[in-house]
Engineer: 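Below you will find the structure I want to go over with you.
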Amino acid sequence: MQLSIAQTDEGALVIDVQETRLDAAVALSFKDAIRNAAERAGSPVILGLSRVDFMDSSGLGAIVGVMKLLGGDRPLELAGLTPGVKKVFRLTRMDTVFRIHDSLPATRALSEAG
Amino acid sequence: MTDSKDITVDLVLRCESSVEDVCVMLTRMEQLLDKADVPSAQRQDAALVMAEALTNIARHGNDAQRGEITCRVSIAQDGLECRITDHGPAFDPSGLGLASPPPEALAEGGYGWFLIRRLTTGLQYQRRDGQNILCFRVPGTPVELPVSVQMS
């Protein structure tokens, strides 16, 4: 699972997913990889999905799982949804529980202090 | 149903009943639909419905019931006619996916059959000769999306 990790000046942790598919075959490794990446400091956690052109309900379930892992004081936000991914969120109305950004915010190199 | 004369391309793909094999086949199916100039929204709907149906099959059959899954997609003028055959246990889809889990429940599953129903017409299930046969159509005009109010 390829991820690119950075922070914004405002202190958000940005995790940009470098995969094209979030499906049943990768759902578990995706969840594990995000959990590891989110050990770094930063809030909210913004998940970049602009490279993901296919997501099924297993991928959606994994994203919801990550949201729950992070807990209530560290919100999970989403950015850069492609049309296919956006459609799954809208059909299931799960777009109502995430803050969704059109694109990823500007980031700087990750400080390892956290 | 569509008359056979309307069908322009028939795709038949087979794979083993495992989640990994299913995902490989789905990627191949998408490439073939792309090559056949199926519009991207329709291709995405078909890929999603297939993924949900095939993942269910791969997850629910035990080892003895694994075996081949066959997917047939007939590209017609006004939609994709799909037929999935597998050797897994019989099931009753009639009550599945009539509603999606409420968003506030933050469910990690239970969306699959809802998406299948939402994106298809003419869903039919048959059990015949120890096989499940699921038929449906992915319409040429993509389904309208509900209007959601976003929390922020």
Side-chain angles (χ1 to χ4, degrees), chain A residues 1 12 19-32 34-35 44 46 49 52-72 75-79 81-102 105, chain B residues 15 18-27 29-31 34 39-59 97 99-120 142-152:
Chain A
M1 179 64 53
E19 307 280 331
T20 58
R21 296 177 69 86
L22 280 187
D23 57 20
V26 301
L28 277 182
S29 62
F30 168 78
K31 215 168 141 179
D32 285 347
I34 302 292
R35 190 202 337 245
I46 304 177
L49 295 172
V52 179
D53 55 29
F54 180 83
M55 181 188 79
D56 63 10
S57 67
S58 302
L60 173 64
I63 291 176
V64 175
V66 167
M67 179 199 218
K68 286 152 82 174
L69 280 173
L70 291 174
L76 180 67
E77 301 181 357
L78 309 175
L81 275 56
T82 59
V85 172
K86 193 178 278 179
K87 189 162 188 173
V88 175
F89 276 97
R90 288 187 67 181
L91 286 172
T92 58
R93 293 175 291 136
M94 292 306 283
D95 56 342
T96 59
V97 300
F98 292 95
R99 181 163 184 202
I100 298 175
H101 307 267
D102 287 341
Chain B
C15 72
S18 79
V19 169
E20 289 73 19
D21 286 3
V22 156
C23 291
V24 171
M25 183 176 79
L26 284 166
T27 308
M29 180 68 81
E30 273 196 85
Q31 288 166 349
D34 186 30
S40 69
Q42 197 184 357
R43 196 170 71 233
Q44 282 171 357
D45 285 358
L48 181 57
V49 171
M50 292 266 177
E52 301 301 343
L54 296 175
T55 306
N56 281 340
I57 292 167
R59 281 187 180 144
S100 63
E104 62 276 13
L106 302 180
E108 291 179 51
Y111 305 102
W113 270 99
F114 170 76
L115 290 170
I116 293 173
R117 274 190 201 284
R118 191 70 177 72
L119 296 173
T120 63
V143 297
E144 276 180 43
L145 288 168
V147 177
S148 293
V149 180
Q150 198 186 312
M151 287 189 337
S152 53

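The sequence lines fix the lettering, A, B, ..., with proteins before strands; numbering per chain opens at 1.
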Engineer: Looking at side-chain heavy atoms only, is the closest gap between A/Thr92 and B/Arg118 below 4.5 Å?
Structural biologist: no
Engineer: Counting only non-hydrogen atoms closer than 4.5 Å, does A/Met55 touch chain B with its backbone (N, CA, C, O), its side chain (CB onward), both, or neither?
Structural biologist: backbone
Engineer: Please name the pair of heavy atoms, one in A/Arg93 and one in B/Ser100, separated by the smallest distance, quoted to 0.1 Å.
Structural biologist: NH2-OG, 3.6 Å
Engineer: Any idea which of B/Glu20, B/Glu30, B/Glu52 has the most non-hydrogen atom pairs under 4.5 angstrom with chain A?
Structural biologist: B/Glu52
Engineer: Which distance, rounded to the nearest 0.5 Å, do you find between the CG of A/Leu91 and the CZ of B/Phe114?
Structural biologist: 6.0 Å
Engineer: Based on non-hydrogen pairs under 4.5 Å, which of B/Ala47, B/Gly110, B/Gly109 is most in contact with chain A?
Structural biologist: B/Ala47
Engineer: Any chance you could measure A/Ser57, atom OG, to B/Ile116, atom CD1, to the nearest 0.5 Å?
Structural biologist: 8.0 Å
Engineer: Checking heavy atoms, do the side chain of B/Ala107, its backbone, both or neither come under 4.5 Å from chain A?
Structural biologist: backbone
Engineer: What part of B/Thr27 gets closer than 4.5 Å to chain A, counting heavy atoms only: side chain, backbone, both or neither?
Structural biologist: both
Engineer: Counting a contact as any heavy-atom pair under 4.5 Å apart, which residues of residues 22-29 of chain A contact chain B?
Structural biologist: A/Asp23, A/Ala24, A/Ala25
Engineer: I'd like to know which of B/Val22, B/Leu54, B/Leu106, B/Thr55 tops the heavy-atom pair count under 4.5 Å against chain A.
Structural biologist: B/Leu106
Engineer: Could you check whether any side-chain heavy atom of B/Leu26 comes within less than 4.5 Å of a side-chain heavy atom of A/Arg21, counting everything from C-beta outward?
Structural biologist: yes
